[in-house]
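When reading the values below, keep in mind they use all heavy atoms of this one structure, side chains included, and skip hydrogens, waters and symmetry mates. Remember, it's a predicted structure, so these values are computed and weren't measured experimentally.
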Amino acid sequence: MAMRKSRVLCFLIFMVLFAVIKVNAENPYRFFTWKITYGDIYPLGVKQQGILINGQFPGPQIDAVTNDNLIINVYNYLKEPFLISWNGLQQRRNSWQDGVYGTTCAIPPLRNFTYVLQAKDQIGSYFYFPSTAFHKAAGAFGGIRIWSRPGIPVPFAPPAGDFTVLAGDWFKTNHYILRQGLESGRNLPAPDGLLINGRGWNGFTFNVDQGKTYRFRISNVGLSASINFRIQGHLMKLVEVEGSHTLQNTYSSLDIHLGQSYSVLVTADQPPKDYYVVVSSRFTSPILTTTAVLHYSNSWEKVSGPVPGGPTTEIAWSLQQARSIRWNLTASGPRPNPQGSYHYGLIKTSRTIILANSAPVINGKQRFAVNSVSFVQADTPLKLADFFKIPGVFNLNSIPTSPTWGNAYLQTSVMDSNFREYIEIVFQNWEDTVQSWHINGYSFFVVGMDGGQWTPASRDRYNLRDTVARCTTQVYPKSWTAIYMALDNVGIWNVRSESWARQYLGQQFYLRVYTSSTSLRDELPIPRNALLCGRASGRHTRPL
């Protein structure tokens, strides 16, 4: 009987892959098998229950080339459901694989699910992370590098090495205790420290040869704090931000907000010794700091002396740096044509959506909200409910498109929109903390940011020529940030705070990008192996 079940499972997996191969036969495939387990970790010197992938913390690196197909078979050996999302991968035509609970059922304990992803028309630096149950506070995150195809020009010489830097704040408290605190109505405490690639002070080493240039891909994978990244005695040349090649400005340090990813080139042009690689928190009290080591291969001198300082609470400094990050108009992106051939600033927007964050108390508990609506998860993924036309799971336009300033309330909030709209979104932040916003399935143009209240006159200060396209943007305290976005990706997509407590307690919603077309050019069909849960249980995906 067991052998028969094994043969049936193998046959099903074969048929799934065969169907995908028929659609994407011209693009290479990369296969991964991941086992998700608990394990003891000691990132800040205290034993914690971590979540490991193939025994690793952080998880394994994903390397791919533009348009590669990624087949990732995930086995869940935890005691609770588990789900992985892919920060920055756009899942073109395929929100089924997005890995958030609004689109995808979590993998039950002792079950597996095979993600079928494609790095369609993308390059750049991203990361993956666990999206449910506050598992992100326990690990299971890792880097994603999407390389340009051979023959596509890259606007810098190949570096001698390529390093992934996963940095962010960390808590000594186990994730399930943090989760219980949030669910009881309390916000997170202050983080206990910072990590670089899962390690504390001087716990990680980057090895370099003198005179050579290296690429560092830095992602803020933390839960609550913006960070500043710098390397003692070395300048950094910015070359890429979340899939966009940038003007190659030089910086001594970089602010990286929650969920953001940057690529810099660093030349080992200093006297041979070891140097501090420094990450410190921004806009926090106290300021947290941690270090790694940049080790020259011909060095015999260890790091010593004071750690180089960086910016702490200066908003104006950070805003000025953010405005200096520009698109390289002449560089190619994932395709050979120059990035600047897309004239985003000349396209007329069809409407403006204004999103205001807030921190209300609802029913005696701390919550967070967008336009006075605090999101609550439905009992069924919204994408499945939409596909199977299951009533009562959510209502379209259950969140207003501008602030109401009324009393906050709980709702499974979904905003409706139409395929091929070109929209303006304004993030308005009246709170005293920096906000970080991410939109799944998309890259958008950050056309403006400034202090105070956004008004239509604010458009006079927009950058309509060479702003960077990215998937995560910051909004400074008592400030606004405006973006332009082409709704060219059908599906249901998560719009969320990257502050993980705020996201968990309601600062998110889903954007439904709709078309009446049933063409595979617009959206792929439901995967045959899709997990069905909630009110979708017992239904069928599609025949083999």
State whether the side chain of D169 and the backbone N or O of A225 hold a donor-acceptor pair below 3.5 Å, judged by distance alone. yes
Are any side-chain N or O atoms of N197 and backbone N or O atoms of T164, one a donor and one an acceptor, separated by less than 3.5 Å? yes
Which label fits Y29 and F31: parallel for a plane angle under 30°, tilted from 30 to 60°, or perpendicular past 60°? parallel
Pairing residues for P81 by the side chain to side chain contact (heavy atoms under 4.5 Å, CB included) criterion, not counting sequence neighbours: A106, P109
Nearest heavy-atom approach of F388 to H540 is CE2-O, 3.3 Å
Can you find a heavy atom in the side chain of Q474 that is under 4.5 Å from one in the side chain of W437? no
Say whether, by atom type as modelled, one donor and one acceptor occur between the side chain of S398 and the main chain of T412 under 3.5 angstrom. yes
Where do N220 and G168 come nearest, in terms of heavy atoms and distance? OD1-CA, 3.9 Å
Is the number of heavy atoms from other residues, nucleotides or ligands within 6.0 Å of CZ (R539) greater than 12? yes
Do side-chain atoms of T66 reach the backbone of Q122 as a donor and acceptor pair under 3.5 angstrom? yes
Proximity of Y344 and Y422 rings by center, below 6.0 Å: no
Would you check if F427 and Q435 make a side-chain contact, meaning some heavy-atom pair closer than 4.5 Å? no
Quick one: does any side-chain atom of R215 pair with a main-chain N or O of P159 as donor and acceptor, under 3.5 Å? no
Within residues 153-163 or reaching into it, pairs that qualify as side-chain hydrogen bond (donor to acceptor under 3.5 Å, both in side chains) - sequence neighbours excluded: R145-D162, D162-R217
Under the salt bridge (Lys or Arg N to Asp or Glu O under 4.0 Å) test, which residues partner R199, sequence neighbours left out? none
Applying ring pair (Phe, Tyr, Trp, His ring centres under 6.0 Å), name anything that partners F368, two or more places apart in sequence or on another chain. none
Is V74 close to T114 at the side-chain level, that is, under 4.5 Å between some pair of heavy atoms? no
Partners meeting salt bridge (Lys or Arg N to Asp or Glu O under 4.0 Å) with R335 (sequence neighbours left out): D121
State whether the side chain of N54 and the backbone N or O of Q56 hold a donor-acceptor pair below 3.5 Å, judged by distance alone. no
Backbone N or O of N87 within a donor-acceptor pair of the Y128 side chain at under 3.5 Å? no
Show your working on side-chain contact (heavy atoms from CB on, under 4.5 Å) between N76 and R111 and close with a plain yes or no. CA-CA 6 Å; N76 178 18; R111 291 275 304 277; 5.8 Å; no
Minimum-distance pair of heavy atoms, taken over all atoms of E523 and V490: OE1-CG1, 3.5 Å
For R502, give me all partners under salt bridge (Lys or Arg N to Asp or Glu O under 4.0 Å), at least two apart in sequence or on another chain. E431
Criterion side-chain hydrogen bond (donor to acceptor under 3.5 Å, both in side chains) on T330 and N328, from CA distance to verdict: CA-CA 6 Å; T330 60; N328 187 333; 3.1 Å; yes
Does T132 reach the side chain of Q377, with side-chain heavy atoms less than 4.5 Å apart? no
Derivation of the ring-ring contact (aromatic ring centres under 6.0 Å, His included) call for F419 and Y514: CA-CA 5 Å; F419 184 41; Y514 175 76; 9.9 Å; no
ring-ring contact (aromatic ring centres under 6.0 Å, His included) test vs F57 passes for just one of Y42, Y38, W170, namely W170
Step-by-step ring-ring contact (aromatic ring centres under 6.0 Å, His included) determination, Y262 to F229: CA-CA 10 Å; Y262 288 78; F229 180 87; over 10 Å; no
With F206, which residues qualify under ring pair (Phe, Tyr, Trp, His ring centres under 6.0 Å), at least two apart? F163, F204, F216
Which residues satisfy the ring pair (Phe, Tyr, Trp, His ring centres under 6.0 Å) test with Y126, sequence neighbours excluded? none
For V65 and R30: C-alpha separation, side-chain torsions, deciding distance, then whether side-chain contact (heavy atoms from CB on, under 4.5 Å) applies. CA-CA 10 Å; V65 174; R30 298 176 186 264; 3.6 Å; yes
Taking the side chain as C-beta and beyond, is there a heavy-atom pair between W500 and F134 under 4.5 Å? yes
ring-ring contact (aromatic ring centres under 6.0 Å, His included) contacts touching residues 93-124 (sequence neighbours left out): W86-Y115, W96-F387, F113-Y115
Sequence neighbours excluded, which residues qualify as salt bridge (Lys or Arg N to Asp or Glu O under 4.0 Å) partners of R149? none
Dump the intermediate steps for side-chain hydrogen bond (donor to acceptor under 3.5 Å, both in side chains) on S517 and D522, then the final yes or no. CA-CA 7 Å; S517 168; D522 297 330; 2.8 Å; yes
Begin from the C-alpha positions of T401 and R351 and carry the test side-chain contact (heavy atoms from CB on, under 4.5 Å) through to its verdict. CA-CA 10 Å; T401 57; R351 60 173 170 151; 4.0 Å; yes
What is the distance from atom CG of L182 to atom CD1 of I177, rounded to the nearest 0.5 Å? 12.5 Å
Would a 4.5 Å heavy-atom cut-off, applied to side chains only, mark N73 and N112 as touching? yes
With F82, which residues qualify under ring pair (Phe, Tyr, Trp, His ring centres under 6.0 Å), at least two apart? H135
With no hydrogens and no angle check, is any side-chain donor or acceptor of Q339 less than 3.5 Å from a backbone partner on H245? yes
Could you check if a side-chain atom of I353 sits within less than 4.5 angstrom of a side-chain atom of E424, using non-hydrogen atoms only? no
Could you check whether any side-chain heavy atom of L238 comes within less than 4.5 Å of a side-chain heavy atom of Q248, counting everything from C-beta outward? no
Taking S131 for the side chain and G99 for the main chain, is one N or O donor matched with an acceptor at less than 3.5 Å? yes
Cation-aromatic face contact K35/Y75, 6.0 Å, 45 degrees: no
Of all residues at least two apart in sequence or in a different chain, which pass the side chain to side chain donor-acceptor pair (under 3.5 Å) check with T541? none
If I compare all heavy atoms of D98 with all of S85, which pair ends up nearest, and what's the gap? O-OG, 2.8 Å
Worked verdict on S374 versus Q411 for side-chain contact (heavy atoms from CB on, under 4.5 Å): CA-CA 6 Å; S374 185; Q411 180 71 263; over 6 Å; no
For the student: nearest non-hydrogen atoms of N489 and Q90, plus distance: ND2-O, 2.9 Å
Kindly give the heavy-atom pair with the smallest separation between L52 and G39, and that separation in Å. CD1-CA, 3.8 Å
Would you say the side chains of E80 and Y176 form a donor-acceptor pair under 3.5 Å? no
Verdict with supporting geometry, Q48 and D40, side-chain hydrogen bond (donor to acceptor under 3.5 Å, both in side chains): CA-CA 6 Å; Q48 293 178 253; D40 292 338; over 6 Å; no
